[in-house]
Amino acid sequence: MRQVKEYSIEVRNIEVSFGDFNVLKGVSLEIEKGQFYGILGPNGSGKTTLLKSMAKALRPQSGAIFVDGEDIGRMRAREFSKKVACLYQSTAITYDYPVMDVVLMGRYPYIKRFQTESVKDREIAKKAMIASNVWHLKDRRINEISGGERQRVFIARALVQETDIVLLDEPISHLDIQHQIEILELAGKMAKEGKSIVAVLHDLNFASMYCDHLIMLKDGAIVAQGEPQKVLTEEIVKKVYGVKPFIIDGMNGNRPYVLPLKKQGA
Ligand SMILES: Nc1ncnc2c1ncn2[C@@H]1O[C@H](COP(=O)(O)OP(=O)(O)OP(=O)(O)O)[C@@H](O)[C@H]1O
Ligand SMILES: [Mg+2]
């Protein structure tokens, strides 16, 4: 019997333009429940634009996006934020609140007007902060902690939204390798617990190690998608990045390892 897959997000042929500049040129994809997806591609290839479209922060000029079968263009903001949380790429900070308050902002879809957060909200925040390893920073001010620490605070803020879908734009870009691994392991664990995780990543090897599926973008279109072995081939990496790699098979749980080679002989 054919197994019916459960999709949490379906992107159908979306196009996004800024003025005359066509950034996404008809992108379609399906995100399965309980899976960890990595979106890869060079700078400017449209990764953030795609993620923002899925987060309802950008409205495509054509095509549609469905979350649990519902067109997101028709969903109310509050309902949508109970289903999808998004960590944006290097968020600008214009406020100077304590870390705990910043994390609690993620609870806003659940807090009624004129109410403040409850003991339960604080417990959820504590759990998320322990998971992203920032509990010890709870009383510090957001502008007084390091860039990597702040990144982990924003991850905690996305977690407290308690959504089934979590979108992460470069969640590990400012982190040291220990924290990179911690965040990716956390993302993998959340996927195993049934969430759909979609992360934009630049590190091909971490993407290979942790993601179940990879989606490779180039110039606003998907050039390859599937399991890491299928996407991280010498041919595709060379075509997309213009860099000739050496691929070592069977690393870190039988995943391909991409070793970039110098352009000129050493
Ligand atoms: N608001 C905007 N107005 C005009 N052009 C934009 C806007 N946002 C993005 N672009 C352009 O769209 C293209 C894709 O941008 P996007 O941010 O999606 O790339 P990206 O793949 O996330 O790149 P990076 O790896 O550098 O984060 C870029 O050429 C960018 O300059
Ligand atoms: Mg980006």
Side-chain angles (χ1 to χ4, degrees), residues 9-31 36-65 67 72-73 77 84-94 147-148 150-155 157-158 165-177 179-180 183-184 187 196-211 213-226 228 231-232 236-243 245 258 260:
I9 311 183
E10 286 181 67
V11 175
R12 283 199 207 146
N13 202 19
I14 60 162
E15 297 199 26
V16 177
S17 306
F18 297 107
D20 293 341
F21 184 36
N22 202 203
V23 176
L24 292 184
K25 303 165 184 166
V27 170
S28 296
L29 54 91
E30 280 144 356
I31 302 296
F36 184 3
Y37 290 75
I39 299 181
L40 308 175
N43 294 133
S45 55
K47 304 179 298 298
T48 295
T49 306
L50 174 59
L51 212 76
K52 278 188 176 168
S53 305
M54 294 198 276
K56 205 167 146 49
L58 259 182
R59 189 188 261 274
Q61 274 82 7
S62 65
I65 300 175
V67 162
I72 67 169
V84 181
C86 186
L87 168 83
Y88 294 99
Q89 186 176 6
S90 26
T91 318
I93 305 173
T94 51
R150 205 175 297 151
Q151 182 104 332
R152 301 199 320 268
V153 169
F154 290 129
I155 289 169
R157 185 172 67 178
I165 300 167
V166 180
L167 310 176
L168 304 164
D169 200 349
E170 300 198 22
I172 59 168
S173 55
H174 300 289
L175 306 184
D176 63 62
I177 49 169
H179 288 111
Q180 286 184 319
I183 294 301
L184 292 170
S196 306
I197 312 290
V198 184
V200 172
L201 299 167
H202 274 300
D203 190 311
L204 302 182
N205 292 316
F206 274 138
S208 176
M209 272 163 77
Y210 286 102
C211 296
H213 308 268
L214 300 177
I215 295 163
M216 184 70 92
L217 281 179
K218 184 181 195 296
D219 299 331
I222 295 177
V223 291
Q225 60 177 317
V231 174
L232 294 175
I236 293 171
V237 172
K238 186 157 187 295
K239 179 173 152 195
V240 172
Y241 293 94
V243 170
V258 181

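Values in this document were obtained by computation on a predicted structure and should not be read as measured data. Residue numbers start at 1 and run along the sequence shown. Computed over heavy atoms, backbone and side chain alike; hydrogens, waters and symmetry mates excluded. When a ligand or atom number is given, it counts from 1 through the structure's own listing order.
Ordered by chain and residue number, the residues placing a heavy atom less than 4.0 Å from ligand 1 are Phe18, Phe21, Val23, Pro42, Asn43, Gly44, Ser45, Gly46, Lys47, Thr48, Thr49, Gln89, Glu170, His202.
Taking 2.8 Å as the threshold, Gln89 counts as a candidate ligand of the Mg ion (ligand 2), since one of its N, O or S atoms lies below it. Between the Mg ion (ligand 2) and Thr48 there is an N/O/S contact shorter than 2.8 Å.
Inter-residue side-chain proximity for Val223 and Leu217 is flagged as unmet; no heavy-atom pair is nearer than 4.5 Å. Put simply, the side chain of Val11 does not reach to within 4.5 Å of the side chain of Ile31, judged on heavy atoms. With contacts defined as side-chain heavy-atom distances shorter than 4.5 Å, the pair Met54/Cys86 does not qualify.
Between the side chains of His202 and Glu170, a donor-acceptor pair is found at a separation under 3.5 Å.
The backbone N or O of Leu204 sits nowhere less than 3.5 Å from a side-chain atom of Ser208 that would complete a donor-acceptor pair. Side chain of Asp203 to backbone of Phe206: a donor-acceptor contact under 3.5 angstrom is found. In this structure a side-chain-to-backbone donor-acceptor pair under 3.5 Å is present from Ser28 to Asn13.
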